[in-house]
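The next block holds one structure in the form of structure tokens; read it before the comments.
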Amino acid sequence: MFKGYISNTIGRVQWTIHARSSFLIPHLERISERISGRFKEVADDTLLTIMRKDRYKILGECKVFHANEVQTYLVKMYKYSGLIQKVKQLFKNTRGFREFNTTYVAAMKGVPVEVPVAYGERKHIFTKESYLIIRKIEHACTVREYFRSGVSPEKRRDVLKKFGKLAKTIHDSGVKQDDFSLDNFLVYDDEAGERRLILIDFERVTIQTKCLSEKQRIWYLAKLNRAKKHFTNTERLRFLLSYTGGDSDYCKKLARQIEAVTVYIQKKDARKFYKQCCHENRKFSIFKNTQYSGYYRRGNSPERLLPLLNTLGESAQEVRYINNYRIVCFTGRNFKHVWMHANALFALRIDILVPAGVFKRNPGRQLTEGFLISQVPENCIPLNQYDDLRSGKNSILYALLRLAEQVSPFGIFSKDLSTHDFLVQMKRNRLKCYLGNYTAFHINHYPVQKNRTVNTRIIKQLLQTEDT
């Protein structure tokens with residue numbers, strides 16, 4: 001069924017493995033036993049290291065010595081967390097098989113990918129487990145990481161050109177990547193020293209027989225366009241020119257259509273995050289102990305956040321800045337709604353602080369005492385504490401208007417806006433403003449032109465008020 005692959009049953013797992021990687025066969029049983037937890041880890045066993053584990057998947061790294069060198073592979077094991085999911089998967093292919101199959105088919109269609117060297121399935125009476133083994137490309141990084149690494153303009157142009165051509169190849173091949181983002185493309189230099197880009201992560205990929213329609217292309221390019229703040233307008237046009245084969249008229253038309261759909265997708269993301277942030281999932285979690293209860297973003301553990309609250313004491317200050325965190329103390333408000341609104345704004349991908357967690361202290365008290373914690377970017381200070389607030393008014397106005405332009409497709413600032421609501425950062429000799437107070441912005445469905453007019457007026461009035 002798959003050219004170049006052989007089947008082999010090892011233990012209770014049915015494996016399909018590429019003939020060139022058959023040297024892995026003696027290790028497959030230990031790999032499957034170790035990643036599934038059936039075999040206890042030995043201190044000096046370096047075959048497999050667990051890198052990440054959640055309710056849906058376990059990811060490990062496997063090192064095997066072959067052909068006088070150590071070869072590294074990524075090993076995935078897929079899990080089904082709920083009873084309904086376990087029952088459903090009995091009647092369809094496993095996630096491991098689906099990812100392997102779609103990657104293989106995409107490669108056959110000419111899409112640059114890294115096809116897994118093996119996949120396996122273990123069948124139980126009512127459940128199935130699946131495994132996937134993929135060669136790890138050394139010294140590779142995602143496209144997002146590459147563009148954040150401060151590469152030269154020439155290298156950025158080269159990768160953007162190749163990225164545009166790759167996106168065109170993907171869409172011409174009928175590949176639909178639901179999570180079409182900068183994180184699902186790898187950049188690396190091959191053995192000949194040539195820079196290559198490949199598509200990765202086929203967990204949410206489907207392939208149709210025909211090429212994508214223009215409507216489908218715009219949808220996926222709009223998903224990619226959500227990362228537009230990391231690129232200049234010239235770079236975005238350069239990507240589209242490469243995608244369209246140099247057709248500048250079609251490129252401009254496509255850019256306008258993509259921008260409109262991007263706004264729609266970002267608002268859809270905001271509605272999704274508004275609900276997701278109060279449930280246990282891959283991005284968020286729930287916390288409760290005798291002192292506090294609340295919600296937090298994964299990556300910001302309560303062990304890191306709660307000690308910040310213990311340093312507040314009985315301070316009457318509503319806003320405090322501690323260790324690159326902004327802590328807002330509030331009483332009498334629904335702390336859950338505050339958290340939901342903050343994450344909805346963050347999902348819009350505008351320049352705001354990252355919501356880290358929200359906690360309620362002593363639920364038994366009559367007056368609820370809540371704390372909203374946000375991450376502050378490096379070298380950021382509140383705008384009202386900026387030394388050149390009056391003397392550098394023009395640069396501040398420019399930075400605030402840039403932020404207003406960014407947020408206008410989604411809503412408007414509050415009329416009672418103040419300099420306390422913003423943070424300012426000097427980045428590459430240019431001021432950049434962040435919205436620190438989530439309640440100072442309201443999402444609406446008015447046209448962007450109307451919102452832009454309102455936001456521009458509010459920003460100018462804000463600076464005039466500071467002058468007086």
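Side-chain atoms are counted along with the backbone in the values below, which use heavy atoms only and exclude waters and symmetry mates.
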Do His341 and Thr439 have side-chain atoms, one donor and one acceptor, less than 3.5 Å apart? no
Any idea which heavy atoms bring Leu435 and Ala440 closest together, and the distance? CD1-CB, 4.3 Å
Residues Asp269, Lys223: salt bridge by 4.0 Å N-O rule: no
Classify the ring geometry of Phe335 against Tyr295: parallel below 30°, tilted from 30° to 60°, perpendicular beyond 60°. parallel
Do the side chains of Ile207 and Ser173 get nearer than 4.5 Å, heavy atoms only? no
Looking only at non-hydrogen atoms, find the nearest pair between Gln375 and Leu353 and report the distance. O-CB, 3.4 Å
With heavy-atom distances below 4.5 Å as the criterion, would you say the side chains of Cys433 and Arg402 are in contact? no
Closer than 4.0 angstrom, basic N to acidic O: yes or no for Glu280 and Arg298? yes
Could you check whether any side-chain N or O of Glu99 sits under 3.5 Å from a backbone N or O of Thr102, counting only pairs where one atom can act as donor and the other as acceptor? no
Do you see a donor-acceptor pair shorter than 3.5 Å between the side chains of Arg452 and Asn455? no
Any Ile258 side-chain heavy atom under 4.5 Å of Leu224 side chain: no
Does the side chain of Tyr321 come under 3.5 Å of the side chain of Arg326 through a donor N or O and an acceptor N or O? yes
Is there a side-chain contact between Val338 and Tyr438 (heavy atoms, below 4.5 Å)? no
Under a 4.0 Å N-O cut-off, is there an ion pair linking Lys162 with Asp158? yes
Centres of the Tyr146 and Phe163 rings: under 6.0 Å? no
Between Cys141 and Glu145, which heavy-atom pair has the shortest distance, and what is it? CB-OE1, 3.3 Å
Quick one, Val113 and Ile198 - any side-chain contact, counting heavy atoms below 4.5 Å? no
Taking side chain as C-beta onward, heavy atoms only, is Ile170 less than 4.5 Å from Leu199? yes
Measuring from Met77:CE to Glu129:CD, what's the distance to the nearest 0.5 Å? 3.5 Å
Where do Pro355 and Arg297 come nearest, in terms of heavy atoms and distance? O-NE, 3.0 Å
Between Leu431 and Tyr398, is there a side-chain heavy-atom distance shorter than 4.5 Å? no
Please tell me whether Phe287 and Tyr292 form a close aromatic pair, meaning their ring centres lie under 6.0 Å apart. no
Hey, what's the ring geometry for Phe180 with His171, parallel, tilted or perpendicular (30° and 60° as the breaks)? tilted
Less than 4.5 Å apart, any side-chain heavy atom of Leu182 and any of Thr142? no
Sole candidate of Tyr131, Tyr119, Tyr78 that passes ring pair (Phe, Tyr, Trp, His ring centres under 6.0 Å) when paired with Phe100: Tyr119
